Amino acid sequence: MIIVVYLSICLMWSVSLLATLYPLYLLYPLYPLYVMSIEAHGPGLLQEVKMADQSLLSESALGWSIFALVFLVILSFCWVYIRKYQSRQESEVISTITAICALAIALITSALLPVDIFLVSYMKHPNGTYKEWAESNETRGQIEDTVLYAYYSLYSILLFCVFLWIPFVYFYYEEKDDDNINKCSQVKNALKYTIGFIIVCAALLLIGAFLPLEAPPNQNGTQWEKMQYLFEELGNNHGVPALSFSISSLTLIGMLAVITYTAYGMSVLPLNLIKGTRSVVYERLENTEDIEEVENQMEKIKAKCEDGRPLSSRDRRNLQEFEDKLQVLQRRGRHLEIAESHCCTKVGSALRPLKILLGIFFILFALLFVVALFISNLDKALHSAGITSGFMVFGTNLTNPLNELLLTLQPVFPLDYVLITVITMYFVFTSMAGIRNMGIWFFWIRLYKIRPKRTRPQALLFLCMILLLIVLHTSFMIYSLAPQYVMYGSQNYLLQSPMPPGNNTTWTTKTCDADAPQDECTVTRSYLFLHKFWFFSTIYYFGNWAFIGVFLIGLLVSCCKGKKSVIEGEVEADDSDMSEDEYVH
């Protein structure tokens, strides 16, 4: 047990140290490039190189400093979020640290996307020419590789959490529920079940490593030559396809979670804020009347055996049902009494106008999100290169409002960072609203309920895993919403205009898109890393249509529903006495 706690704490501190010191480590390798530039151009250009050096370091440091600050905010948010939902009586150090670290890593990975876009955008001037410090292909490659190494690190930690650490901690607590089992057997059984996840991870890495992205150049060669070509490609790509395939496979599960929970949460959260809750006074009065009615029914059944006659099996069954119902109503009455006297209820009533405004903002943001997604999918359906290209679109054919907004904000860093953070947090909050309303299900079997201060360690790990996969899918969703922004940021390039013979050559500035020359526009590492396999992009395309459909259905259902109870989800028939005491005290 001590070893497991120690490893959890080490994981948390290593993640913190990585995100804090990583920017300094990434900037350090750039120094030799400037020394080489000085030696190559001579001392006459020393001042110019120094200015380029300062410009590069200041702009890179700005992007990474914002990233480090966002990391601290993310860590604090995850701590408060997990502590809010964990059970008071069943809280465990290991599950808490595991949930906080895994969710923080997922959010940090999504926070890396604006840094990637910022660096490729600031390599160029608005007129389409490269800045002095970015004129060398080697310098540009070095800068982009630093981002790629960051993705390497964070995605590797995510794979470790998803396929090893979270399953191990989950099965560790599942075994803990069994009586008369020692710690050694508990750890051994947890490792035994975790091996299955490790095998799946190894299989995904192997498939991604040897799945050919392009056909071998010599189609008539021997099988050995084809195998040799695959190994050479694996060495040249430094394992990027293997990791990309594994992460993309996880995002497919995240896509299902987004379709199930996020799409429904995006409709239910704003409408609940707008509609508000029922009056606690009216609910107490209604609950008292229900208690009196149940007691009268019980008295009628008990009156049948006053003369000593035994009750029939049907009457005994009805009596038991009424007793159970009475117990639930009495617990509900105690919760309503606490809610009526609680200061949060009074403050919530005072802040009712603010909740309505927040609900209107959320529903408008959701509609903007869905409209942008619909336009992007429609553009792919009408103008893409086809299903075998992953529905890649060349050029800008339909105006996407979110894509244009991000491109407008991107030059004024960190405004686009703020918007990406808002989108990610919106995903988390709406997903949490969907999970709270639906619970965690495996097909038709309900596994866990998620409630503040009453969530078991196993349910907390499940919740963390779902949120991790949802946040992991956020990068793909943002690409679907703003493909040009994710691929190239605000980069422009110069295009030579055809002129009649004898006239001077003219150059026009164009926005970088998928049809731009490769040496004129630098693609973000995020796009290259996460879009290597066209069939994943094809699945995401159809998943986006499913997301839009589920959102519209959820919006219709939420509109038809009435106001929710002020103690929604706090009292249910299968609650134990322990959970009741836990909430009351």
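As the structure is a computational prediction, the values presented were derived from the model and not from experiment. Only this structure's heavy atoms are used, side chains among them; waters, hydrogens and symmetry mates stay out.
Just one of F476, Y479, Y485, Y151 meets the ring-ring contact (aromatic ring centres under 6.0 Å, His included) condition when paired with Y527; it is Y479.
Two residues are said to be in side-chain contact when any heavy atoms from C-beta on lie closer than 4.5 Å; M266 and F362 fail this criterion. Counting heavy atoms from C-beta on, the side chains of S431 and L467 come closer than 4.5 Å. Between N400 and L405, every side-chain heavy-atom pair lies at or beyond the 4.5 Å cut-off. With contacts defined as side-chain heavy-atom distances shorter than 4.5 Å, the pair S249/F536 qualifies. Using a 4.5 Å heavy-atom cutoff, the side chains of R525 and Y152 are not in contact. Taking the side chain as every heavy atom from C-beta outward, N492 and K510 never approach each other to under 4.5 Å.
Of the possible polar contacts, none joining the S248 side chain to the F245 backbone as a donor-acceptor pair under 3.5 Å is found. In terms of modelled atom types and a separation under 3.5 Å, the side chain of Y264 and the main chain of A433 share no donor-acceptor contact. Looking at D116, its side chain never comes within 3.5 Å of a backbone N or O of T524 through a donor-acceptor pair. The backbone N or O of T522 lies less than 3.5 Å from a partner atom in the side chain of Q491, making a donor-acceptor pair. In terms of modelled atom types and a separation under 3.5 Å, the side chain of N377 and the main chain of N544 share no donor-acceptor contact.
Nearest heavy-atom pair, M255 versus G543, reported as atom, atom and distance to 0.1 Å: SD-CA, 3.8 Å. Minimum heavy-atom separation, M432 to L463: SD-CD1, 3.6 Å. Of all heavy-atom pairs between S267 and G554, the closest is OG-C, 3.2 Å. Of all the heavy atoms in V550 and I259, the pair that sits closest is CG1-O, 3.2 Å. When all heavy atoms are compared, the tightest approach of T538 to I387 is OG1-O, 3.0 Å. When all heavy atoms of A102 and L158 are compared, the closest pair comes out as O-CD2, 4.4 Å.
The CD1 atom of I466 sits 11.5 Å away from atom CG of L461, with the distance rounded to the nearest 0.5 Å. If you take CG on L367 and CZ on F551, they are separated by 5.0 Å, rounding to the nearest 0.5 Å. Expressed to the nearest 0.5 Å, how far CZ of F160 lies from SG of C101 amounts to 10.5 Å. Between I363 atom CD1 and L269 atom CG the span is 9.0 Å, to the nearest 0.5 Å. Distance SG/C521 to NZ/K124: 4.5 Å, rounded to 0.5 Å.
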Residue pair T430, T262: steps toward the side-chain hydrogen bond (donor to acceptor under 3.5 Å, both in side chains) verdict
CA-CA 6 Å; T430 53; T262 310; 5.2 Å; no
Would you sort out whether V120 and Y488 count as a side chain to side chain contact (heavy atoms under 4.5 Å, CB included), showing the intermediate values?
CA-CA 7 Å; V120 298; Y488 297 103; over 6 Å; no
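Partners of T251 according to the side chain to side chain donor-acceptor pair (under 3.5 Å) rule, which considers only residues two or more places apart in sequence or in another chain, are Y540. Here S121 pairs with Q410 under the side chain to side chain donor-acceptor pair (under 3.5 Å) rule; sequence neighbours left out. With sequence neighbours excluded, the residues that form a side chain to side chain donor-acceptor pair (under 3.5 Å) with Y541 are W545.
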